[in-house]
Protein chains: 4
Amino acid sequence: MEHNKSREKLFHDERKFTEKQMDILAAATELFAEKGFAATSTSEIARKAGVAEGTIFRHYKTKKELLLSIVNPLMVNLIGPIVKEDINKVLDTNFNHFEEFILAMIDNRRVFIEKNLSLLQILIQEISFHPELKEQFIEHIGKEIFGRLQQVIRHFQAKGEIVLIPASSVIRMAGSTVLGYIMTRNIIASADNWDDEAEVERTVQFLMKGLSP
Amino acid sequence: MEHNKSREKLFHDERKFTEKQMDILAAATELFAEKGFAATSTSEIARKAGVAEGTIFRHYKTKKELLLSIVNPLMVNLIGPIVKEDINKVLDTNFNHFEEFILAMIDNRRVFIEKNLSLLQILIQEISFHPELKEQFIEHIGKEIFGRLQQVIRHFQAKGEIVLIPASSVIRMAGSTVLGYIMTRNIIASADNWDDEAEVERTVQFLMKGLSP
Amino acid sequence: MEHNKSREKLFHDERKFTEKQMDILAAATELFAEKGFAATSTSEIARKAGVAEGTIFRHYKTKKELLLSIVNPLMVNLIGPIVKEDINKVLDTNFNHFEEFILAMIDNRRVFIEKNLSLLQILIQEISFHPELKEQFIEHIGKEIFGRLQQVIRHFQAKGEIVLIPASSVIRMAGSTVLGYIMTRNIIASADNWDDEAEVERTVQFLMKGLSP
Amino acid sequence: MEHNKSREKLFHDERKFTEKQMDILAAATELFAEKGFAATSTSEIARKAGVAEGTIFRHYKTKKELLLSIVNPLMVNLIGPIVKEDINKVLDTNFNHFEEFILAMIDNRRVFIEKNLSLLQILIQEISFHPELKEQFIEHIGKEIFGRLQQVIRHFQAKGEIVLIPASSVIRMAGSTVLGYIMTRNIIASADNWDDEAEVERTVQFLMKGLSP
DNA sequence: AATGAATGAGTGTTCATTCAT
DNA sequence: AATGAATGAACACTCATTCAT
């Protein structure tokens, strides 16, 4: 009768799900993140979700479809919209300086990532093994977000706040730095001597200086 | 009778291996990298290595032991020594400036990574699922390398070439950046518009500026 | 679609079994008795039972659990109760003489053994290799039955019908004789010149005289 | 480097064996007795004997041949001759009374069984699974010994010391009793309250009385 | 919608046996 | 005579998936 607390949050915007279906999604998410997709058995998921194994296949034709059902909304409904929102703010010149933009993104992302850490872990782990995922990623995150980020970067380059190198390089560096920060933070999760405030501060400084003209 | 070209390179320094054993290691490496450890079957490995399935288990008691046999030497014999070498050069004041050090590391690493890309992929993919790997990593890379890198960073901080923030933060940022560069480079491997020279140049510049006092 | 005739008899008092489960039990019983536990493969059992191999493991987690599922009820539900019944009759002084008791036991046992010969064979063969079986045997047959038999023997010793030696010795001798009779009878099963009536008569006489004061 | 102490005794009369061969026989004997023939692997035997697995198959074409090589001499060279000897003593009227004969047999057997307990265990366990063994047993023990025992029994029946029932029945009863005594003794081996002298005395008394006219 | 018994292909692993050295 | 690497068939057991209820 294990009821996952994050269940309601994760998938709650989708009305069409039944109780059991949400239990399945929550259980699968947790297990995929913990042991990997291939190493998780459907019987395990069923047991953890408190449903019969057949029930899983009533909702998802295959185990892979279950994986996609978990990861796709992450890309389609969650990452996309949020990033777009940030970016729109910039393009509407709500952010006057690059630093403000970076800070807002990190902050926004931090909340988001904390909530969806296991989802992200699954995405990162499995993306290289499943071409469909890669395609979806390129489709939803890659193209759109990348294109919009390019706009932002060019916007700040035009304002003389960012060094004049290809936007893709900027994105790569900023992305690596932010992702690296998040990964470290969550891998060294248990570490006690981690001063989040200060680390963010340093990371932003590093980015700002590194990308300054 | 598929003979893997990288076989000789990967494990050739270890004399104790038989022909078949090396075929097994090469096949397993390739498949683990391509499909993941859990999704690769021993029968597949045997087929690709051109040996009987039983032969695998004559050399490696379990599939997991095979994984460790692939990944452990990477940590013990390859990553460790090379990094140490670089660092010793610095501590012997062969590098007068931080930039030279970073460049040397990237360069060194680039060759190494190109040679051992699939090994690294396996390590990165599997490390979170196998506590033994994590421990070994902390033991061999974590503790030693981290400690030595700290020395280097403090060395350059003392010379006023690096900003005065905790060495661990510097390592994280530099690490993320370098790793991010490598990952992007190899994921976008097929991309045609990738100017390696220039990208390295930009990355180093980014790092230098980002970490400057 | 081989339907074992003894299936219904062997396990029919247990309502909880499905059709297939009973087929599995019957097939396993026959094969274990015929070739021994270790020499019987689960695929063989499945084939004989007319089910898929996986079905066996849906009902019994391991091959050993299947063995225990066959042998345990023999000890818990069959041997125990029947022997107790006999003994209770004696203690209720339904048997005035030791001879009557022995005859009743042999007779009772004979029917029982004929019905469950293969089960008994399995028990005898495997008991020395499986500590769990030994423990269960001591628990259910050893302790209880032994204790009750002691009472009976002392009862008849008090009446002056049995020689005054330790009850355990009496049990050993009577047990060996009865078991020896049964084993011979069933090993030399095919022999034509076996007069059961007369052999029982002789065996009882032998026991009576042997144990007389 | 495990050297079995009983090794020399067990097979020492056969000069043709090499060192290793005797190690193999000793190891196999111990393991077959402990876990049963089918549950013992040749690799286990090789390990315990301190030889390579191939060496076993140099001497014994199959695992089964190894079993037969262990059990056959027991029947051909050991049981047979000893029993014959006893019997010859009787027929040469060295034993004037049945009791003397029984006592001599039990005593003789006791030494023998103690020495060859594991061999006997193997024989008893495996005889029902291997037709060859059964045949050999009937050939060497069954026919010959049985025939000679019949003579003895008739001899004592003629002297009026044994009840006039078929010799086969007498053999069965005496055999069960003796075997039962031995088995109990060795199964309850560790029991502390086992007074061997007294038990033999009782067992002989039981037999004598049971078989008296 | 949900179950859970049933499946058969597949899993990692062990087996007895072979053979070049 | 002895080895030990190699084998492929078999092993116990698990898998994702189906389907009658």
Side-chain angles (χ1 to χ4, degrees), chain A residues 17-21 23-24 38-47 49-66, chain B residues 17-21 23-24 37-47 49-66, chain C residues 17-21 23-24 38-46 49-66, chain D residues 17-21 23-24 38-47 49-66:
Chain A
F17 292 139
T18 71
E19 265 283 303
K20 303 249 169 192
Q21 210 165 346
D23 288 339
I24 290 168
T40 302
S41 72
T42 47
S43 76
E44 229 173 333
I45 297 169
R47 204 182 320 123
V51 302
E53 212 171 338
T55 309
I56 294 177
F57 290 91
R58 200 131 285 278
H59 294 292
Y60 309 94
K61 272 204 285 288
T62 64
K63 188 183 160 193
K64 190 153 200 170
E65 197 182 295
L66 174 57
Chain B
F17 294 135
T18 72
E19 267 281 303
K20 304 247 169 193
Q21 208 165 347
D23 289 339
I24 291 167
F37 171 75
T40 303
S41 73
T42 48
S43 74
E44 230 173 333
I45 297 169
R47 205 182 319 120
V51 303
E53 209 170 342
T55 308
I56 294 177
F57 291 92
R58 203 137 276 281
H59 294 293
Y60 307 95
K61 273 201 285 285
T62 62
K63 190 184 159 193
K64 188 154 199 170
E65 197 181 295
L66 174 57
Chain C
F17 294 135
T18 71
E19 267 281 303
K20 303 248 171 193
Q21 208 165 345
D23 288 339
I24 290 167
T40 303
S41 74
T42 48
S43 75
E44 227 173 334
I45 297 170
V51 303
E53 208 170 342
T55 308
I56 294 176
F57 291 93
R58 203 138 275 281
H59 295 293
Y60 308 95
K61 274 201 284 289
T62 62
K63 188 184 158 193
K64 188 154 198 169
E65 197 181 295
L66 175 57
Chain D
F17 293 139
T18 72
E19 265 282 303
K20 302 249 170 192
Q21 208 165 346
D23 288 339
I24 291 168
T40 302
S41 72
T42 48
S43 76
E44 228 173 334
I45 298 169
R47 204 182 320 122
V51 303
E53 212 172 337
T55 309
I56 294 177
F57 290 91
R58 197 133 288 280
H59 294 292
Y60 309 95
K61 272 204 285 289
T62 64
K63 188 182 159 195
K64 189 152 198 170
E65 197 182 296
L66 174 56

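Within every chain, numbering begins at 1; the chains are lettered A, B, ... in the order of the sequence lines, protein sequences first and strands thereafter. The basis for the numbers below is simple: all heavy atoms, side chains too, and nothing from hydrogens, waters or symmetry mates.
- Summarising the geometry, the separation between NE2 on H59(C) and P on dA5(E) is reported as 7 Å, rounded to the nearest angstrom.
- Taking all atoms of both residues into account, the shortest heavy-atom contact from K63(B) to F37(B) is NZ-O, 3.0 Å.
- When the P atom of dA10(F) is taken as reference, atom CD1 of I45(C) falls 17 Å away, rounded to whole Å.
- Closest non-hydrogen pair, Y60(D) versus E65(D), comes out as CA-OE2, 3.6 Å.
- The structure places NZ of K64(D) at 12.5 Å from CG of L66(D), a figure rounded to the nearest 0.5 Å.
- In this entry the distance linking CD1 of I24(D) with C1' of dT3(F) reads 12 Å, nearest Å.
- Helix bend of the helix from dA2(E)-dT21(F) to dT21(E)-dA2(F): the angle between its two end axes, each built from five pairs, comes to 10° after rounding to 10°.
- For the side chain to side chain contact (heavy atoms under 4.5 Å, CB included) test, residues two or more places apart in sequence or in another chain that qualify with E53(B) are T42(B), S43(B), A46(B).
- Rounded to an integer number of Å, the gap from Q21(C) CD to dG4(E) P is 15 Å.
- If you take OH of Y60(D) and C1' of dA2(F), they are 14 Å apart, rounded to a whole angstrom.
- Closest of all the heavy-atom pairs between I24(C) and H59(C) is CD1-CD2, 4.1 Å.
- Taken from CG in D23(C) to CD1 in I45(C), the straight-line distance is 13.0 Å, to the nearest 0.5 Å.
- dT7(F) atom P lies 15 Å from atom CZ of R47(B), rounded to whole Å.
- Candidate nucleotides dT3(F), dA2(E), dT7(F) were compared by shortest atom distance to the side chain of V51(B), and dT7(F) ranks first.
- Taking side-chain N and O atoms only, T55(A) has a distance below 4.0 Å to OP1 or OP2 of dT3(E).
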I'd like to compare against my own output: the B/S/- annotation of nucleotides 14-21 of chain F with a strict under-4.0 Å heavy-atom distance to protein. BSBBB-B-
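- Distance check: K20(C) NZ to R58(C) CZ gives 13.5 Å after rounding to the nearest 0.5 Å.
- Going from atom CG of D23(C) over to atom C1' of dA6(E) covers 13 Å, rounded to whole Å.
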